[in-house]
Amino acid sequence: MNCRFCGAATGDPVLQLGAQPPANSFLTAVQVREVEAGRLAEPRIPLDLHLCSACGLVQIAESLPPETLFSDYIYLSGTSDLIHRHAERVADLAEAANGSLRGHLVVEIASNDGTVLRRFRDRGSRVLGVEPAANVARIATEAGIPTRVEFFGEASARRVREEHGRARVMVARHVLAHVPDPHGFAEGVAQLLAPDGLFLLEAPYLEPFFSRTEFDTIYHEHLAYLAARPLRSLFEAHGLALVDAHPFEIHGGSMLYTVRPAGATPQPSIAALLRRERELGLGERVTWERFAARTGQVRARLGELLESLGSSGSRLAGYGAPAKGNTLLCSLDRGVSALAFLVDRNPWKQGRYTPGTHLPVRPPEALAEEQPPYTLLLAWNFEEEVLRQQDEYRRRGGRFIRPLPWPEVIP
Ligand code: ZN
């Protein structure tokens with residue numbers, strides 16, 4: 001394939017996870033019956049990880065048409081307590097960097113249900129969300145957060161600028177990695193951002209992905225695995241500069257980058273980040289061959305552990321039905337049959353079945369009702385929150401299995 005950022009040929013993949021169904025394509029009971037009877041085929045698309053040795057971008061080859069990804073997208077920010085606290089920090093950071101935001105326009109790209117923009121509105125900003133998923137955009141609009149239902153890019157940025165003027169602050173959390181046209185995205189930011197404006201970009205960071213072997217976060221919607229080096233080149237090509245970076249322990253280790261129009265002086269954090277990426281060899285093939293080897297060991301060990309814990313005949317459960325949980329389950333050669341069901345707080349997933357593995361998704365209360373002896377923590381990025389909420393299940397002897405960075409039972 002050719003690199004999404006710089007166009008260079010990437011050569012052979014560094015990791016292959018096999019052909020997997022799209023990680024968010026949950027099935028209804030009727031669809032599961034049709035698939036299992038052979039009357040309906042679940043789409044399966046190869047999941048291959050590539051490294052661009054030219055600019056350092058780690059990425060996947062295949063992509064799905066964006067309409068299939070977003071038209072009925074079922075991730076809701078507001079279903080997690082952690083996200084509410086984080087949204088407050090994002091607004092604090094914008095204010096610390098750019099002063100009072102009262103009366104200024106704040107635009108969020110992929111604003112989801114408006115959880116983040118609400119913080120800015122409460123501080124007196126004019127807010128506008130741009131969100132392609134009509135169902136979640138409606139939730140935001142009903143909650144008083146004006147939201148346009150469209151994909152963000154150059155054309156969308158121009159329309160927003162004509163109607164509302166330039167934005168003092170722009171926010172994009174966990175979206176750039178999903179964008180098939182990153183240059184259109186960066187150009188859109190350049191078109192809409194005020195000269196003294198601030199763009200806050202949050203994305204999963206490549207270092208924890210690498211060092212904790214977070215291979216489950218590889219799925220078709222997640223096109224790029226971002227580090228500072230390729231990002232800096234992408235923004236430079238559009239007259240923007242990476243000026244600061246704050247690591248956050250969210251979604252398995254994320255970075256909140258500050259981007260400003262070119263000419264702004266970068267903070268020492270940027271040079272430090274680039275140096276660290278070089279020292280770790282994150283742009284080198286041999287590094288990712290090591291990652292692939294570790295991924296193989298984790299997959300084998302987790303399959304073995306689930307199989308042995310389920311061998312007494314007791315069925316296990318899984319906590320969370322995130323997209324990454326589906327990559328993890330679809331990557332196992334054994335052990336999945338030990339699981340009876342998953343639980344998830346998102347009401348949209350409850351009553352549906354996981355793609356590929358067809359496990360029913362139930363509300364979290366099902367854990368205390370069924371009291372399975374072990375529960376695989378698929379939403380491992382919410383470990384602290386889940387353990388606290390499931391105190392009763394744990395007091396009655398239930399144990400969680402942490403799959404990564406190495407599969408183990410949490411004491
Ligand atoms: Zn490249």
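When a ligand or atom number is given, it counts from 1 through the structure's own listing order.
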Exactly one candidate in R119, R123, R85 meets salt bridge (Lys or Arg N to Asp or Glu O under 4.0 Å) with D92; the answer is R123
Discussion item. Under a 3.5 Å distance rule, please check whether R345 uses its side chain to pair with a backbone N or O of P363 as donor and acceptor.
Written reply: no
Given the options D216, T295, I60, L17 meets side-chain contact (heavy atoms from CB on, under 4.5 Å) only with T295
>> Between Y393 and F400, is the ring centroid distance below 6.0 Å?
In response: yes
Listed as residue and atom, the protein N/O/S atoms under 2.8 Å from the Zn ion (ligand 1) are C3 SG, C6 SG, C52 SG, C55 SG
Across all chains, not counting sequence neighbours, the side-chain hydrogen bond (donor to acceptor under 3.5 Å, both in side chains) partners of E408 are R402
- Message: Please determine whether side chain to side chain donor-acceptor pair (under 3.5 Å) holds for the pair R294 and T213, giving the CA-CA distance in whole Å, both sets of side-chain angles, and the decisive distance to 0.1 Å.
- Response: CA-CA 7 Å; R294 281 205 316 268; T213 322; 2.9 Å; yes
